2 protein chains.
Amino acid sequence: MPRPSVPRLSRDQIAAAALSQIDETGALSLPKLAATLNVSVSSIYHHFANGREEVIEGIRGLLTREVIDPLDPTMGWREYTEQWAHRYRSAMARHPHVVPLLTLQTVSAPETLASYEALAMVLRKAGFAADDLLHVVSVLDCFILGSALDASAPLDVWADSGAPESALSAAIAATRAQPGDRSRRSFEIGLHILIAGLADLLR
Amino acid sequence: MPRPSVPRLSRDQIAAAALSQIDETGALSLPKLAATLNVSVSSIYHHFANGREEVIEGIRGLLTREVIDPLDPTMGWREYTEQWAHRYRSAMARHPHVVPLLTLQTVSAPETLASYEALAMVLRKAGFAADDLLHVVSVLDCFILGSALDASAPLDVWADSGAPESALSAAIAATRAQPGDRSRRSFEIGLHILIAGLADLLR
DNA sequence: ACCTGAACACCGTTCAAGT
DNA sequence: ACCTGAACACCGTTCAAGT
C-alpha cells in the first residue's frame with residue numbers, strides 16, 4: 001500500500017476519536033481506536049511516541065483548549081476565577097469517563113499548563129502574596145477536580161445504602177425534590193464559599 | 001494437593017497484599033498478587049467473586065476502617081467534620097497510587113458508606129436543613145478527594161513548565177521556601193474556609 | 001514521513017476438576 | 001469450602017519492513 005499523499009492521521013484527530021471512544025464505551029483501547037480510524041495500531045505510535053499515556057494527555061489538551069481559551073485576563077480576579085473554575089468543571093463533567101483516566105497521570109499537556117499560568121498571573125496582579133498564591137491555585141484545583149469526579153460518579157448512588165431512617169437517604173430524598181443538577185449545585189455552593197474565603201487572604 | 005485445614009486466604013489478607021503491591025509498584029495485577037500470596041489466580045476469585053474491582057473496593061474498606069473508626073459522634077459538628085476530613089485525606093495521602101484507582105469505580109465498601117452516614121447524622125443533629133445536608137457532604141467530599149489526588153501527584157511538577165518570569169514558577173519557588181508539606185497546608189487552608197462557609201448555612 | 005504486519009509479554013476472567 | 005491448572009479473549013508496545 002502506497003504512502004498516502006496526505007497523512008491519514010493527525011494528533012488532534014486521534015485524540016478526538018479516543019475521546020469519543022471513552023465517552024461511548026467508558027474505556028480506551030488502542031486496538032479499537034486503530035480500527036475506528038481504519039489504521040493499524042502501530043501507526044498511532046508514530047504520532048504519539050509514548051503511546052496510550054500520551055494519547056490521554058492529548059485528550060486533556062483538547063478539553064482545555066475547548067473551554068479555556070476565550071477568557072479575558074483583564075477582568076477582576078473573582079470573576080476570572082469563577083469563570084475559569086466553571087469552565088473547567090463543565091468541560092470535564094461533559095466527559096464523565098475521561099476524568100478518572102486523567103487523574104491516573106501527571107499533567108503535561110501544554111494547553112493545561114498555560115491555563116494555570118494564566119490564572120496565576122491574574123491572581124498575582126490582584127495582589128495575592130507570593131507565599132499564598134500556590135495555595136490559592138491548589139485549593140481551587142482540588143475542589144474542581146473533586147467536583148468533576150463527583151459529576152462523573154454522583155453520590156446519589158448511595159440512596160439505597162442504608163436503612164430508611166438513614167440521614168444520608170433522607171438528605172438525598174430532600175435534594176431530589178429540588179430542581180436542577182445536584183452535583184452542579186454543590187459545586188456552585190462550594191466555589192462561592194472558597195472564593196469568598198480566599199479573598200480574605202488579600203487582608 | 002489436599003485442601004488446607006485452615007483457609008490460606010482471607011479477604012482482608014488479600015486486600016492488604018493488594019494495597020502493598022500498589023504502594024510498591026504503582027499498579028495492581030492479579031497474577032502478581034496471586035504469586036505473592038503463593039496461590040493461583042483463580043483462587044482470588046473465590047474470595048472476591050467480582051474480581052479486580054471488588055479487590056479494590058476491599059482496599060477502600062481497609063483504608064476507611066483504618067482511620068475513621070474512633071470518631072466520637074457527640075463532639076461539635078465543626079470539630080467532627082474537621083477530624084473526619086483530616087483522617088480521610090491522610091489515609092489516602094499515605095497511599096498515593098491507590099487514590100486514582102479508587103476514583104475509577106463507584107463506592108460500595110460498607111465501611112465507607114457507614115462513615116458518610118455517620119457524618120450525615122452529626123450534621124443533621126447540628127441543625128443543617130434537609131435541603132442543604134447533601135450539598136454540605138458533597139462539598140467536603142469533593143475537596144477531600146481532590147486534595148488526596150493533589151497529595152498523590154503534586155502540582156510542584158509544574159515548576160519547570162514555563163519561562164523564568166512565570167507566575168506559577170515564582171509561586172512554587174516562594175512556597176518551597178516555606179517549611180512543611182505544601183499539599184497538606186493547602187488542604188488545611190481550604191478546609192477551614194469551607195467549614196466556616198458551610199457554618200453560614202446554619203444562619 | 002507515514003503506515004503495515006507480525007510478534008511479545010502481559011492482562012482479567014472463566015470453568016472443569018480436584019480434595 | 002477452598003484451591004489448581006488450563007484456556008480464552010484481550011491488552012500495550014516494539015520492530016523490521018514497505019513506499
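Everything numeric here is computed off the predicted structure, so don't read it as measured data. These numbers come from the heavy atoms of this one structure, side chains and all, not from hydrogens, waters or symmetry mates. Within every chain, numbering begins at 1; the chains are lettered A, B, ... in the order of the sequence lines, protein sequences first and strands thereafter.
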* **Over 12 foreign heavy atoms within 6.0 Å of CD, A/E53** => no
* Asked: Just how far is it from atom OG1 of B/T74 to atom CD of B/E79, taken to the nearest 0.5 Å?
  -> 9.5 Å
* To do: Let me know the distance between CZ of B/R11 and P of D/dC3, rounded to the nearest Å.
  => 14 Å
Report all interatomic pairs (protein N or O, nucleotide N or O of nucleotides 9-16 of chain C) with separations under 3.5 Å.
residue, atom, partner, partner atom, Å
C/dC11, OP1, B/S29, OG, 3.3
C/dC11, OP1, B/K32, NZ, 2.9
C/dC11, O5', B/S29, OG, 3.4
C/dG12, OP1, B/L28, O, 3.1
C/dG12, OP1, B/R52, NH1, 3.1
C/dG12, OP2, B/L30, N, 2.9
C/dT13, OP2, B/Y45, OH, 2.6
C/dT13, OP2, B/R52, N, 2.9
C/dT13, O5', B/Y45, OH, 2.9

* Look up atom CD1 in A/I22 and atom CG in A/L28, then write down how far apart they are to the nearest 0.5 Å. => 4.5 Å
* Asked: Would A/F143 and A/Y88 count as a close aromatic pair, with their ring centres under 6.0 Å?
  -> no
* Asked: Roughly, in whole Å, what's the span from CD1 in B/I44 to C1' in D/dC2?
  -> 13 Å
* To do: Any strand is fair game: report the nucleotide pairing with D/dA1 by Watson-Crick or G-U wobble, both distances under 3.5 Å, or none.
  => C/dT19
* Structure fact -> In whole angstroms, the gap separating C1' of C/dC2 from NE2 of A/H47 amounts to 7 Å
* Asked: Atom CD1 of B/I14 and atom C1' of D/dC3: how far apart are they, to the nearest Å?
  -> 11 Å
* To do: Find the partner of C/dT13: check Watson-Crick (N1-N3 plus N6-O4 or O6-N4) and G-U wobble (N1-O2, O6-N3) distances, both under 3.5 Å, and reply none if neither fits.
  => D/dA7
* Asked: Using a cut-off of less than 4.0 Å, is there contact between a side-chain N or O of A/H46 and OP1 or OP2 of C/dT4?
  -> no
* At under 4.0 Å, does any side-chain N or O of A/S43 touch on OP1 or OP2 of C/dT4? -> yes
* Asked: Taking atom CG of A/L101 and atom OG1 of A/T103, what is their separation to the nearest 0.5 Å?
  -> 7.5 Å
* Hey, could you give me the CZ/OG distance between A/R184 and A/S147, rounded to the nearest 0.5 Å? => 11.5 Å
